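So the structure is just underneath, and the comments pick up after that.
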Amino acid sequence: MTDYQLAFKPAIGLYGQHDPSAVLFNDGTPVFGVEEERYTRDKHATDMFPERAIRACLDNRNLSLSDLNRILLPYDPQLRREIASHYVTDAIRSPGIGRKLSALEQTLVTQVRSQFVPTRQIENRLELIGSPVPPIETIPHHRCHAASAFHPSGFDEGIVLTVDAKGEYDSTVVWRGNEDGLTRAYTYEHPNSLGLFFAVVTEFLGYRMFNGEGKVMGLAPYGEDNPEIEGVLRGLIDTGADYDVTELTKRWGTGHGIETLEDAFGRPRNETPGEFDQWEKDLAYTAQKLLEETVVDIAETAVDQLGTANVALAGGVALNCKLNKRVRESPHVDDVFVQPVANDAGLALGAGWTGQPPSAVDRQTDVYLGPQYETEEIRSTLETNKLEYGEPDDIERYVAERLADGDLVGWFQGRMEMGPRALGARSILADPRTAESRDRVNRFVKHREEWRPFAPSMLESAAEEYLIDGSSAPFMIDAYDIRPERTDELEAVLHPADNSTRPQTVREDQHPRYHRLISEFADITGVPIVLNTSFNDHAEPIVRTPTQAIKDFYGMGLDVLVLEDFVVKKDVTKTDRRSELALRSGGAPNPV
C-alpha cells in the first residue's frame, strides 16, 4: 500500500509568521513541494495558512485529504513552555502598567493554547479542505531544519548547525548526525538569536526583517573595517562559540534592538532603504564579519569536540552564502552541505525525512519539486491571448544566440524550483560578460538597486576552470572567488566590490535543456556561463504559471520569453516573420 504523507509549515498563530509551504511524500520520497507565496503572489505569504500549497500537493497525485496516512507539522507548540519564564519576565519589564498587563495576558493565552490545544487550529483549517483529517504529528522546529540538512547531505556522519531567529525555544542548535539519526549536542536558547541579531541590523539599515537580510549581505563588501563601529557592536554583543547577542534581542522583534543601536551609535535608523552612506556600508560589513566569526567558531568548536569534519547547515541564517563560504574554507572542515531551501519553507522537507534513517534518503542534487505545464496548455494560453509565438527547431541554440547578441530572456522550463533561488526553471537570463548586461537587468528588468550583484549558472565541468576551489555547487547558496584570469569574462556576475560570486553548477542529469542552452552559449562565445536571476519583478515571488510569466514579460524590460518549446518576442518585425521561427500569427502581442 502506498504511504502518502503531507508535511506543511503554516504561518499562523503559534507556527511562525512567514514562508508557509507544503511537501507531499510518497513512500518517504518528496514528490511535490511548493511555497504558498507562489499561489498568493504575496512574497513570504506572511501570516497565511498554506491551503493552496496543500491543495496543489493533493492535486498532483489526485488525492484527497483522507488518502494521506498522516500529516507532519514542523513545530511542537508544547515546547514553548521552555521559554515561558522569559516571556513573563519580558512582559513585567514592559513600560507602563497597561502594556505590562497586555503583554502578560498575551503571554499567558499563548502558553495555554500551546499546552492544551496545540493542533486544533490546524485541524479546523484542514477540515475546510477535506475530512476526515489524518493523524497529525508535531515535530520540533530545529529537528526538522537539521533533518533537512543532514539526511540529504550524503554524509555518513557530520555535525549539523541549525541557525535562525527562533524555533519553539531555541535559536541555534548544534547536532551530531550519523547513520542512527540526529542527536542534539548543544542549544543556544531564545532570545540569544543570531537570526534576530542580523534582523536588527537589517531593519536599522532600512530593510525589513526576514526579507532584507540578503541585501545587507550583498551590501557588506562595499564597506570596510571601521574600528568605531566594530567597537560599539563588540561592546553590545559577544561573538564566537559562546556568543551572546541578547542585549539587542531580549525582546521579540527588532524594536528594542534598533533603539539600542540608535542610542549606542548616536544616529537614527536609515529611512531611505537602498541608499547608503559609507558609514552604513561599514555597519553592514561589520555585522556580516561578526556573524561569520561567530558561526565559523561554533562550527570549528563542534568539529573539534564531536570528532567529525563534515558540516551541514539549515535555518534562515544559512541562506547567507558569504557565511557558508567562510565555513567551507575553514581548515577544520572537510565538506559542507547547505539545504537549498534553508529557510522555514524547507521545514516541510525536514519533517518528512525525520522519520527515516539518513541512509534511506538520496543525496539532494536539485529542487525541481513544483508544478509544470504541458506544451498544449501553454499553446492555448498564447493563442487565447492573441500572442505571436514561434517554435524554433533548436530552441537552445536560438536562445543562446539571442543571449550572445545581448538580449534579456525570460526562461520558463519544466518543474518550478522550490526555495528562494531560481535554478534554470523560472529564470531570467543574460550575457554574463559585461557590466552593461548587469546594469540593464537591474534597471529595466528587476527594477531594483543598481549596486546589487547577480549570480551565474555554469556547466559543472567548468567549475574548476573559473572558481577558486571550484566544485559541484548546484543550489546557488555558496559563494566562491573567481580566478583572477577569468574575471574579465564574467563582469556581470561578479560582486563589484570583491569579485566573489554565488554560482549554480549544472549537469545534464539535473536539467537537460538548461545544460544544453549553456553548452550552446559556450559554443558561440567560449564562455560556459550565463547570468541567471529569478523570474520575478521587484518584491514579488518567482512566477509559477505561463500567464504570470507573460504578464511579467510585458511589464519588464525583457526582449524574449521562452515558455517550454515556444518563443515570444517584443517588437516583431517583418524580417522576424520570415525568420527560422516561422511565427504563428495570432494578433498583436498585448499584455495578459
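Keep in mind that what you see is a predicted model, and the values were worked out from it rather than measured.
- By the side chain to side chain contact (heavy atoms under 4.5 Å, CB included) test, A522 is found to be paired with P528, residues two or more places apart in sequence or in another chain being considered.
- The aromatic rings of Y514 and W411 are tilted relative to each other, their planes meeting at an angle between 30° and 60°.
- Looking only at distances, no side-chain donor or acceptor of D297 sits under 3.5 Å from a matching main-chain atom of T239.
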Verdict with reasoning, F8 to I122, per side-chain contact (heavy atoms from CB on, under 4.5 Å): CA-CA 11 Å; F8 66 88; I122 300 298; 3.7 Å; yes

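- The neighbour count for E179 CD, taken as heavy atoms of other residues, nucleotides or ligands under 6.0 Å away, does not exceed 12.
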H141/D344 under side-chain contact (heavy atoms from CB on, under 4.5 Å): CA gap, chis, key distance, verdict: CA-CA 9 Å; H141 180 103; D344 273 7; 3.5 Å; yes

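- Judged purely by atom type and a 3.5 angstrom limit, R176 uses its side chain to pair as donor or acceptor with the backbone of L306.
- Side-chain contact of D509 with H515: a donor-acceptor pair under 3.5 Å is absent, judged by distance alone.
- Counting heavy atoms of neighbouring residues, nucleotides and ligands inside a 6.0 Å radius, atom CG of D304 exceeds 12 of them.
- Looking at K322 and E292, no side-chain N of the basic residue comes within less than 4.0 Å of a carboxylate O on the acidic one, giving no salt bridge.
- The backbone N or O of S171 sits nowhere less than 3.5 Å from a side-chain atom of S193 that would complete a donor-acceptor pair.
- The backbone N or O of D3 sits less than 3.5 Å from a side-chain atom of D27, completing a donor-acceptor pair.
- Under the 3.5 Å distance criterion, the side-chain polar atoms of S457 are left unmatched by any main-chain donor or acceptor of V530.
- In terms of modelled atom types and a separation under 3.5 Å, the side chain of N324 and the main chain of D478 share no donor-acceptor contact.
- With rounding to the nearest 0.5 Å, the separation of OG1 in T533 from CZ in R452 is 8.5 Å.
- Because its NZ or CZ atom is not both nearer than 6.0 Å to the ring centre of Y480 and within 45° of the ring axis, R502 does not count as a cation-pi partner of that residue.
- A side-chain donor-acceptor contact under 3.5 Å links S534 and K446.
- The backbone N or O of V361 lies less than 3.5 Å from no partner atom in the side chain of Q356, so there is not a single donor-acceptor pair.
- H332 places no side-chain N or O within donor-acceptor distance of the main-chain N or O of V303, the cut-off being under 3.5 Å.
- Ring geometry, F155 versus F150: the interplanar angle falls from 30° to 60°, so the pair is classed tilted.
- Checked by atom type and distance alone, the side chain of Q372 never pairs as donor or acceptor with a backbone atom of G414 at under 3.5 Å.
- Not counting sequence neighbours, the partners of T286 by the side chain to side chain contact (heavy atoms under 4.5 Å, CB included) test are I229, E230, L233, L290.
- Atoms CZ and CG, on F32 and L6 in that order, are 11.0 Å from each other to the nearest 0.5 Å.
- Panel note: side chain D282, backbone E224; a donor-acceptor pair is recorded below 3.5 Å.
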Verdict with reasoning, T301 to Y186, per side-chain hydrogen bond (donor to acceptor under 3.5 Å, both in side chains): CA-CA 11 Å; T301 300; Y186 194 76; over 6 Å; no

side-chain hydrogen bond (donor to acceptor under 3.5 Å, both in side chains) assessment of N532 paired with S427: CA-CA 6 Å; N532 171 19; S427 292; 2.8 Å; yes

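- Residue-environment remark: CZ (R208) stays at or below the threshold of 12 foreign heavy atoms within 6.0 Å.
- Checked by atom type, the side-chain pair E489/Y466 shows a donor-acceptor distance below 3.5 Å.
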Full working for salt bridge (Lys or Arg N to Asp or Glu O under 4.0 Å) between D170 and R184: CA-CA 11 Å; D170 36 13; R184 187 184 288 252; 2.9 Å; yes

